[in-house]
Amino acid sequence: MTDIDTMPLTSERDRVPRYEPTVIEPLWQQRWADAQLYKTDLSDTSRRKFYLLTMYPYPSGDLHIGHWYIKTPTDAIARYRRMNGDNVFFPIGFDAFGLPAENAAIKSGIHPAQWTMRNIERMRGQLRTMGATFDWASEVVTCLPEYYRWNQWIFLQLLKSGLAYRKMAAVDWCPKDQVVLAREQVEGVDRVCWRCGTQVIKRDLEQWFFRITKYADELLDFTGIEWPEPIRVMQTNWIGRSEGAEVVFTTAESPHHAGGEQLKVFTTRPDTLFGATFMVLAPEHPLVVTLTSPEQRAEVQAYLTQTRRHTEIERLNTDRDKTGVPIGADAINPVNGERIPIWIADYVLSGYGTGAIMAVPAHDERDFAFAERFGLPITRVIAAPGDPDDAPLPQAYVSKATTDRLVNSGPYTGLPMPDGFARIVADLATRDAGSPSVTYRIRDWLVSRQRAWGTPIPVVYCEGGCGIVPIPEDQLPVLLPEDFQYRSEGGNPLEHTESFLRTTCPTCGGPGRRETDTMDTFVDSSWYWWRYLSPKATEHAVDGQLDAAWCPVDQYTGGAEHAVMHLLYSRFFCKALADLGVVTEREPFQRLFNQGQILGSDGERMSKSRGNVQDPDELVSRYGADSVRLFLMFMGPWDQGGPWSPSGIEGVHRFLRRAWTVSLDPHGQETSERTAAAADADGERALLVAAHRALQGVTEDHAGFRWNTMVAKLMELTNTLMRYRGTPVAGTAAWDEASRLLLLMLAPIAPHIAEELWSRRLESSGVMARSIHTESWPAFDPALVVSDTIELPVQVNGKLRDLVPMAPGLEQAEVERRVLARPKVQANLEGHTVVKIVHVGGRLVNIVIR
RNA sequence: GCGGGAGUGGUGAAACGGUAGACACGCUGGCCUUAGGAGCCAGUCAGGGUGACCUGGUGGGGGUUCGAAUCCCCCUUCCCGCACCA
C-alpha cells in the first residue's frame, strides 16, 4: 500500500479536478431551478421584452435528438438575449391530445390520459437534462380542461361570427386511424395519411369547418414579418390565388332539354374564349343528371360509377390517359353564340372553381390531350409575334407573353393579348355574361375528428327540434369523460359512452345528444403561445393586457414540416381572434426560423422501425449535455440538419476539456518546452487581439444563429490560450481577460461548464459567488480587433503572388512602393507592362499587367 | 410538369465579389505514459520539387469583372414542397 506522503504532488490530475459533466450538470440545473433563475416576470416593463417560442413537443414519451437540435440552440438565444438585458420569456408545454395516445390505449388498454400524463412526466425530466432555461411556471398541457375549455370557447366565438360551420362533405378518411383528415394532412401523389402512411378513402360525412378561406388574401400578405422564403412560397402556393374571370355559358335547346340554364366556368384565360371548342363538367357537377340526353344516359351512368370507384390516386395521376364521355347536350359560348358539346371528365375537379371548364385545347395542355384523344376540334386563338394565324399546333401553346396577339377571335382579332383579355371581360360584364373573378385553391379547414382523445366540440343536437345548439359559455368546459372504452370494431368510443352522450338541450331543456366529434389537435396549437401568458386564468382564454405587452412572439423556432398546417392555421387564428377583439395583433410570429432535420446515420428519417434512432440520453450520460449541445451546433448551419454521425462529438468534448484546462490550469507543467512562445514579446497583445476578435465574431454569429462558426471561433481562442499555457503570458492580465471572455462567450451555448468554471474563478479571486448567466454580454474593444502588422496579399492578374508584411493604414503610394520592391512581385512583372494597380481597402492589392 | 433549396478535400464544413478549404472528424508521424478508446506537438486538396515554391482545383459549359465557390445565362445531379387547380 502506498504511503500517502510519498505520492507525487504535481501530477496534473491531482492538482486540477477533472471535467466531469455528469457530476456538475445536474448540480447546476438544480441550483438554477432553486434560484428560479428563469421564471419570467411578465409585468416587468423596465427591460425590453423578448418572447422566444419553440414548437411545443408531442409527449410521445421519448425526447429525440431532433428535439435537442431545435431546442438547445433556441435556449442559447434565450441566454444570449438575457445577457444583453432583455426580459426573455421562453416557455414550454405539451401538445397533449392526439392519435398516438389512442393507439397506445387500444393496444395496451391503458387510458390515453394516463399514457399521456406519464409521458409528460418523463419528458419533463428529459427536457431538464438539456439545461435549457424554460419557464416551467408557464407550462401548458393541452389535454387538461383548464386548456381545452378555451378551445371550446374559441370554437363558440367562431361559430357565433360565422367562422365555424357544419356541412356535408366528401372527406378524406384514414381507414387505419379511423379518422377524417384535413386536406393538408393527406400527402403525396399516393394520397396517404400524414401520420400512418395508409392510403385514404373518400367518405361523405357531416363535418365542422373553420372558414380560413375568408382570410385567403390577408394570409398571402407577409409584409412586416420575417419568415423564411420557402415557407412563404409554400403558403402562397397552398392558398393558390388565381385571377381570371367567371364566364357564363348557357345550355342550348335540344330535343330532351329546353335550354337556357346557366353554366358558369372559371378561367384564367378569358382572352382565349373564341378557342373554346367544348365544355367539360366534373362528374359530380349538379347539372349532369338533368342535362344528360336519354341516348347518353347509360354511358354517362357507367362513367359516373367508374369514377366513384376510382381512388383519388388514380384520378390524380397526371400520366394517365384522359377519360370522359359526352352527355349529349350543348352549351352556347356567350361571346360568339356557338354551340359546343358538353362532356364530363374526371380531370375536372368538382371542388375547384365552379366545377366546370370551357375547354380551349389550343392553349391548355390538358384540354389539348383530351381533344386529341376524342377527336375534338382545336382552334388557335393566340399567336406569338411572327406566327401565322393558322400555324398548326403540335401541342398546346400556353405562353402568356404580353407580345402575343389574338387571332380567329371575331372583333377582337389582332388585339395584343392583354388588351383582348381586358376587353373580352369588360364586354361580357356589360351583358351579365361574365365578370372578373378570383379563385383560391385553399379550402376551409376541416376540424372534426371522430376520435375520443381530443377537445369535445361544444354543441348539442336537440331531439326536440331546436336543432344544433351551442353550449352556453358559462357551462364550459364540456368535459371529456374518463370512462370511455375502446371497442374491438373501432370507431369513436364517445358514441357509445352514454354518460357523455345523453344530455339536455340548453335551449329547451328536453333530451339532447352531444356532438361526439372532437377537434383536430391543430386547433390546440393554433393559439397556445397566448395561453403561456396566463395558463391558469379562469376568466379568459387570453389575457388582453399581457397580449398587448408580449405579443407577437419575437422569435419562433421549429420545423418546416408545419408550413401549410400549424403555421398557416396559427396565422388564421391570429387574424380571426383579432377580428373578435380577443387579441390586438394580426400576425402571431414576428420572426420564424426553421431548423433542418437530423437524419439517421443512413441518411433516412430517424424512426424506430428503421432502427436508426439516436438516443440523446445515452450521449448525455457519456459526454454531458454541454457537449451534445455544442456538437449539434457545430455540425453545420442550423437550417441544414443532416445525417447523424457520432464521430464528431469527440471533437467538441475535447474542446470543452481544453477550455477546462486553460481555465483552471494556466501554467501546466512543461514550461521548459514553451520557449518559442515565451520568446514572443508581444504575446500578451496577441492574446488580447485573439480574444476580442473572437468576441466580435461570436457577437455577429449570434445575430445570424451561426452556431457552427461561433463554436469554431471559441475553439480557435482556446487553441491560442493553449499555445500560451505554461509560458510567462499565462499569469498576466491579458491571459485573465482572454479566459474571462472565453467563459462569458461559452455561457449561452455550454451553460453548465461556463457556470462551473466561472464559480471557481470567482472563488479563487475571493469574489462573491454570482451566476455567469446573470452577467452582461461583454463588448469588444475596437482598438484590439486590429493587429499592428498585416500580411498584405498581393495578386498579379488576380493570382496570389506574395504576402507583404506591413503596418495597416499606409498610404496607397507607400503600399505600392513596398509591394513593387518585393523580389517575388518583380519576378512576376518581368517583361510585362503594369496596366493598373487595384487597392482593396488596405486588404489586398491586385497588379494588372499586360 | 410547376415552385423552392443545394452540389467545395476521405468526412462534417469555412470563405462582406478579394489569400479557397477556417474549425473539427479521420488518418500519418512524434512526445509523454506501466498502460490507455487519456493528454501534448507536427503533418494532411491533388500533381511536381529536398526546399522556399510551381501548376491545377469549388458538378459541367459560357459570360460579367482587375479579380467569381460567390453575380448572370445554359446544362446536369440530388433533396424538399405541390401536383390534371382550368
Side-chain angles (χ1 to χ4, degrees), chain A residues 12-13 18 187-189 228-238 240-242 244 265-269 272 280 315-320 322 345-349 351-360 363-367 369-370 439-442 560-561 563-564 596-597 599 603 631 634-637 639-640 642-643 645-652 654-655 657-658 661 668-670 673 700 706 708-716 718-719 722-723 725-726 791-803 824 835-841 843-849:
Chain A
E12 188 165 322
R13 189 180 290 180
R18 277 166 56 94
E187 295 182 335
V189 187
E229 165 88 8
I231 300 287
R232 298 203 313 261
V233 168
M234 273 192 252
Q235 291 201 350
T236 302
N237 292 343
W238 188 260
R241 181 188 158 100
S242 284
V265 304
F266 173 74
T267 176
T268 54
R269 297 296 303 274
T272 64
V280 186
R315 269 190 82 165
L316 292 179
N317 180 359
T318 47
D319 297 334
R320 178 176 137 251
K322 297 260 180 301
D346 62 9
Y347 81 91
V348 174
L349 308 174
Y352 182 80
T354 61
I357 63 152
M358 62 177 210
V360 184
H363 305 292
D364 180 281
E365 284 170 8
R366 297 150 300 183
D367 298 343
F370 194 84
T439 299
Y440 302 88
R441 297 172 67 165
I442 192 172
E561 66 273 19
V564 296
Q597 205 172 31
L599 305 170
F631 176 57
F634 187 58
M635 51 186 275
D639 59 1
Q640 193 175 295
S645 158
S647 59
I649 195 167
E650 299 281 353
V652 290
R654 209 168 286 159
F655 156 59
R657 271 205 303 258
R658 286 157 69 86
T661 301
Q669 295 167 81
E670 55 281 55
E673 291 178 23
E700 284 166 9
R706 289 185 293 270
N708 55 333
T709 52
M710 183 188 301
V711 173
K713 281 163 189 141
L714 295 178
M715 286 174 167
E716 277 184 274
T718 305
N719 291 346
M722 205 62 166
R723 256 197 303 284
R725 179 168 172 253
E791 296 219 306
L792 186 76
V794 178
Q795 297 180 337
V796 176
N797 280 357
K799 280 191 195 298
L800 182 73
R801 292 304 179 191
D802 200 3
L803 293 170
K824 237 187 270 180
V835 178
K836 68 169 166 178
I837 300 179
V838 183
H839 290 259
V840 187
R843 283 182 293 118
L844 178 138
V845 166
N846 187 18
I847 303 168
V848 186
I849 59 173

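Bear in mind that the values here come from a model prediction, so they are computed numbers and not experimental data. Computed from heavy atoms alone, side chains included, the values below leave out hydrogens, waters and symmetry copies. Letters A, B, ... are given to chains in the order of the sequence lines, protein chains preceding strands, and every chain is numbered from 1.
Note on A:Glu716: only backbone sugar-phosphate atoms sit closer than 4.0 angstrom, heavy atoms only; bases stay farther off. Base contact: A:Leu803 has a heavy atom under 4.0 Å from a base atom. The residue A:Thr268 sits close only to the backbone: its heavy atoms come under 4.0 Å of sugar-phosphate atoms, none of a base. At the heavy-atom level, A:Val233 lies under 4.0 Å from the strands shown only through sugar-phosphate atoms.
Close to B:rC53, at under 4.0 Å from its OP1 or OP2, lies a side-chain N or O of A:Lys824. Between A:Arg801 and the phosphate of B:rU55, there is a side-chain N or O to OP1/OP2 separation shorter than 4.0 Å. Look at A:Gln640 and you'll find a side-chain N or O under 4.0 angstrom from OP1 or OP2 of B:rA13. For A:Asn708, a side-chain nitrogen or oxygen approaches OP1 or OP2 of B:rA14 to under 4.0 Å. In this structure, A:Ser242 reaches the B:rA86 phosphate: one of its side-chain N or O atoms is under 4.0 Å from OP1 or OP2. The phosphate of B:rC40 has neither OP1 nor OP2 within less than 4.0 Å of any side-chain N or O from A:Arg654. Taking side-chain N and O atoms only, A:Tyr352 has a distance below 4.0 Å to OP1 or OP2 of B:rA86. Contact between the side-chain N/O atoms of A:Asn719 and the OP1/OP2 oxygens of B:rA22 is not found at any separation under 4.0 Å.
In a base pair of the Watson-Crick type (N1 to N3 plus N6-O4 or O6-N4) or a G-U wobble (N1-O2 and O6-N3), with each distance short of 3.5 Å, B:rA22 is matched with no nucleotide. When both distances must be under 3.5 Å, the Watson-Crick or G-U wobble mate of B:rC27 is B:rG43. If you check B:rC71 for Watson-Crick or wobble pairing at under 3.5 angstrom, you find it paired to B:rG63. For B:rA6, the paired base is B:rU77 (Watson-Crick or G-U wobble, both distances below 3.5 Å). Using Watson-Crick or G-U wobble geometry with both donor-acceptor distances under 3.5 Å, B:rA35 finds no partner in any strand shown.
Regarding A:Phe655, its CZ atom lies at a distance of 22 Å from the P atom of B:rG12, rounded to whole Å. We find that CD of A:Gln597 is positioned 20 Å from P of B:rC78, with the value rounded to whole Å. What separates NZ of A:Lys799 from P of B:rC66 is a distance of 17 Å, to the nearest Å. Spacing between atom CE of A:Met715 and atom P of B:rA13 amounts to 15 Å, rounded to whole angstrom units. We find that CZ of A:Arg232 is positioned 20 Å from P of B:rG81, with the value rounded to whole Å. For A:Ile849 and B:rC66, the CD1 to P distance is 15 Å, given to the nearest whole Å. Distance CD (A:Glu561) to P (B:rC79): 19 Å, rounded to an integer number of Å. When the C1' atom of B:rC23 is taken as reference, atom CD of A:Glu650 falls 17 Å away, rounded to whole Å.
Between the P atoms of B:rG7 and B:rG60, the separation comes to 13 Å (whole Å). Only the P atoms considered, B:rU70 is 15 Å distant from B:rA15, to the nearest whole Å. Nucleotides B:rG61 and B:rC66 place their P atoms 23 Å apart, quoted to the nearest Å. Here the separation of B:rG57 from B:rA69, taken at their C1' atoms, is 11 Å to the nearest Å. With both ends at atom P, the span from B:rA35 to B:rG30 equals 15 Å, rounded to whole Å.
Looking at A:Arg232 and A:Glu229, a side-chain N of the basic residue comes within less than 4.0 Å of a carboxylate O on the acidic one, giving a salt bridge.
In this structure, A:Gly648 and A:Thr439 both approach RNA chain B, and ranking their closest nucleotides by distance from the 5' end singles out A:Gly648. Between A:Arg658 and A:Trp238, the residue anchored closer to the 5' end of RNA chain B is A:Arg658, taking for each the nucleotide with the nearest heavy atom.
A 6.0 Å sphere centred on CD of A:Glu365 holds no more than 12 heavy atoms belonging to other residues, nucleotides or ligands.
Side-chain proximity of A:Asn237 to B:rG4, B:rA86, B:rG3: nearest is B:rG3. Each of B:rU19, B:rC66, B:rA86 was ranked by its minimum atom distance to the side chain of A:Asn846; first place goes to B:rC66. Residue A:Asp364 has its side chain nearest to B:rA86 when only B:rC23, B:rA86, B:rC84 are considered. Nearest to the side-chain atoms of A:Met635 among the listed nucleotides B:rG12, B:rA13, B:rA86 stands B:rG12. Of the candidate nucleotides B:rC40, B:rA38, B:rA14, B:rA14 has the atom lying nearest to any side-chain atom of A:Pro637. If you check B:rA14, B:rA83, B:rG12 against the side chain of A:Thr709, the one that comes closest is B:rA14. The A:Val840 side chain lies nearest to B:rG18 when the options are B:rC40, B:rA15, B:rG18.
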Exercise. Verify side chain to side chain donor-acceptor pair (under 3.5 Å) between A:Arg441 and A:Asn237, making sure each step is shown before the conclusion.
Key: CA-CA 8 Å; A:Arg441 297 172 67 165; A:Asn237 292 343; over 6 Å; no
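Glycosidic torsion of B:rG9 falls within 90° of 0, placing the base in syn.
Stacking of A:Lys322 on the aromatic ring of A:Tyr347 is recorded, both the 6.0 Å distance cut-off and the 45° axial limit being met.
In this structure a side-chain-to-backbone donor-acceptor pair under 3.5 Å is present from A:Asp367 to A:Val360. A donor-acceptor contact shorter than 3.5 Å is absent between the side chain of A:Gln795 and the backbone of A:Ile847.
For B:rC84, the base has a donor-acceptor partner in the side chain of A:Lys322 [N/O atoms by modelled type, under 3.5 angstrom].
Closest of all the heavy-atom pairs between A:Asp802 and A:Lys824 is OD1-NZ, 3.8 Å.
In this structure, A:Asp639 has no side chain to side chain donor-acceptor pair (under 3.5 Å) partners at least two apart in sequence or on a different chain.
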